There are 2 protein chains.
Amino acid sequence: MKKSDKIRWSGCPVRYAAGVFGDKWCFVLLRDILLHGKRYYGEFAASEEGISTNILADRLSRLEGDDMLTRHVDPNKRSKVFYLPTRKARALLPAFLGMMVWATEFDENTEAPASFAKAFREDPKAAIAWYEAEIDRVNAGLEYSS
Amino acid sequence: MKKSDKIRWSGCPVRYAAGVFGDKWCFVLLRDILLHGKRYYGEFAASEEGISTNILADRLSRLEGDDMLTRHVDPNKRSKVFYLPTRKARALLPAFLGMMVWATEFDENTEAPASFAKAFREDPKAAIAWYEAEIDRVNAGLEYSS
DNA sequence: AGCGGGCGCTTTCAAATTGCAAGTGAAAAT
DNA sequence: ATTTTCACTTGCAATTTGAAAGCGCCCGCT
């Protein structure tokens, strides 16, 4: 069960967003899926941040329940599982990239190249389209499955 | 002490953003400050979501430590305290509004009017400017203080 | 000057969540 | 047939949360 019994974490757009990904681990999972081309459970588990597997499983199923991801058994190796971003998750890209621009400006330890923020500010639509195409490219190698 | 000992929650822009406001309560506090014109401790405490005061105090000081807010004693009534958003917090507005557009599209229980998303999509800069002006307007009534 | 109330926290303690480590069971590889 | 890989699940200690009560300062009243 979720906390949604006490307060409806919907209604207000900000509260809704907080309910879906207002959590460190959901944040980095969405990053891995939307920006780093990760799809397999094992790839998420190996993330630099070191998420533990119980939390990983929990967050993946929450995101699936919130219609952000769909789960698929790899047809070529049925012991492996991958997750694909839904349209809803992909629609977060503009906001996500906006946050990245912000972080790039204010994090003095940022490792993001200045060119990224510059490109996004000059032509946000093009930057978004570029990441969308990346997502499609990664998905293309997997999408002949249930 | 913070969790930053084990993993540096900076470097990667998404991880940095998650470190600063990847938390339900920081999310709603920033909403209240950036979008709802709240400034006083008492106003935050009275938020619809019902944050408890220990968490509120903790999050306010975290946000202050992350240079998102500055704390001020009300010169007219020195038992009251208000918080002002920094330039860094205000710079989140574009990303924040982008998330709101997203939530408005996908939350079936949204209470946000369709006109909001429409206005933002048609002229994001104008929408941002409008909220910036609101923030200035609210601050104007308070900014003759330490 | 004294006193009662409002206000911004801080403390207390139980309950929920997290995180590490060690399973488990199905499927692949050997 | 046996081992290995893989995606979780479980057990348990440690951290975090949340509701409620407490504390100290400031203000307004008398």
Side-chain angles (χ1 to χ4, degrees), chain A residues 1-7 9 15 18-29 32-33 38-65 69-84 142 145-146, chain B residues 1-7 9 15 18-29 32-33 38-65 69-84 142 145-146:
Chain A
M1 296 309 96
K2 294 187 69 176
K3 60 277 177 168
S4 12
D5 299 325
K6 202 174 232 169
I7 303 167
W9 280 81
R15 194 170 53 211
V20 174
F21 59 90
D23 167 280
K24 261 174 5 192
W25 294 118
C26 290
F27 243 83
V28 321
L29 287 177
D32 286 346
I33 289 195
K38 296 187 186 177
R39 296 292 181 273
Y40 283 91
Y41 180 95
E43 294 179 296
F44 302 129
S47 87
E48 189 189 346
E49 286 85 7
I51 187 170
S52 50
T53 60
N54 53 346
I55 304 295
L56 175 55
D58 177 69
R59 293 302 189 280
L60 285 171
S61 76
R62 271 197 217 181
L63 287 170
E64 200 191 349
L69 306 176
T70 51
R71 198 189 103 111
H72 307 265
V73 173
D74 187 334
N76 297 323
K77 191 164 164 39
R78 299 175 356 90
S79 62
K80 293 185 78 181
V81 167
F82 61 88
Y83 293 81
L84 297 180
L142 301 164
S145 63
S146 79
Chain B
M1 298 301 100
K2 294 186 70 176
K3 62 276 176 169
S4 16
D5 298 326
K6 201 173 232 170
I7 303 167
W9 281 81
R15 194 171 53 211
V20 174
F21 60 88
D23 167 280
K24 261 173 8 191
W25 294 119
C26 289
F27 244 84
V28 322
L29 286 178
D32 285 346
I33 288 194
K38 296 188 185 175
R39 295 292 181 274
Y40 283 91
Y41 180 97
E43 295 179 295
F44 303 130
S47 86
E48 188 190 346
E49 287 84 9
I51 188 171
S52 51
T53 60
N54 52 347
I55 304 294
L56 175 57
D58 177 70
R59 293 303 189 279
L60 286 171
S61 76
R62 273 197 216 181
L63 288 170
E64 199 189 351
L69 306 177
T70 51
R71 198 190 104 111
H72 307 264
V73 173
D74 187 333
N76 296 324
K77 192 164 162 48
R78 301 177 356 87
S79 61
K80 294 185 80 181
V81 167
F82 61 88
Y83 293 82
L84 297 180
L142 301 165
S145 64
S146 79

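We name chains A, B, ... by the order of the sequence lines, and we start the count at 1 in each one. Note that the structure is a prediction, hence the values are computed from the model and not measured.
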Proximity to the side chain of [X] - top-ranked nucleotide from [options]:
| X | options | answer |
| --- | --- | --- |
| B/R71 | C/dG8, D/dC8, C/dA27 | C/dG8 |
| B/S79 | C/dG19, D/dC26, D/dC6 | D/dC26 |
| A/R59 | D/dC27, C/dT18, C/dA28 | C/dT18 |
| A/T53 | D/dG11, C/dC7, C/dA22 | C/dA22 |
| A/K77 | D/dA7, D/dC27, C/dA29 | C/dA29 |
| A/N54 | D/dT9, C/dG19, C/dT10 | C/dG19 |
| B/V81 | C/dA27, D/dA20, C/dC9 | C/dC9 |
| A/D23 | D/dC6, D/dA19, C/dT18 | C/dT18 |

What is the separation between atom [atom1] on [X] and atom [atom2] on [N], rounded to the nearest whole Å?
| X | N | atom1 | atom2 | result |
| --- | --- | --- | --- | --- |
| A/Y41 | C/dA27 | OH | P | 17 Å |
| B/R78 | D/dG28 | CZ | P | 12 Å |
| A/K24 | D/dT15 | NZ | P | 14 Å |
| A/Y40 | D/dT5 | OH | P | 18 Å |
| A/L56 | D/dT9 | CG | P | 11 Å |
| A/D74 | D/dA7 | CG | P | 9 Å |
| A/L29 | D/dA7 | CG | C1' | 15 Å |
| A/R39 | D/dA7 | CZ | P | 15 Å |

Reported CG-to-CD1 distance for the pair B/L60 and B/I51, which is rounded to 0.5 angstrom: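 If I round to the nearest 0.5 Å, the distance is 7.5 Å.
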Interatomic spacing from NZ in A/K80 to CG in A/D74 - rounded to 0.5 Å: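 It is 7.0 Å, given to the nearest 0.5 Å.
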D/dT17 OP1/OP2 closer than 4.0 Å to side-chain N/O of B/W25: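 Answer is no, no contact under 4.0 Å.
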Minimum heavy-atom distance B/C26-B/R59, with the two atoms named: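 Residues B/C26 and B/R59, closest heavy atoms: SG-CD, 3.6 Å.
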Plane angle bin for A/F82 and A/H72 - parallel if under 30°, tilted between 30 and 60°, otherwise perpendicular: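 Taking A/F82 first and then A/H72, their aromatic rings lie parallel (interplane angle under 30°).
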4.5 Å side-chain heavy-atom contact, A/W9 and A/V20: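 Sidechains of A/V20 and A/W9: no contact.
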Touch class at under 4.0 angstrom, heavy-atom based, for B/Y83 against every strand present: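 Sugar-phosphate contact only.
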Check: D/dT17 base within 3.5 Å donor-acceptor of B/S52 side chain: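 Counting by modelled atom types and ignoring angles, no donor-acceptor contact under 3.5 Å is found here.
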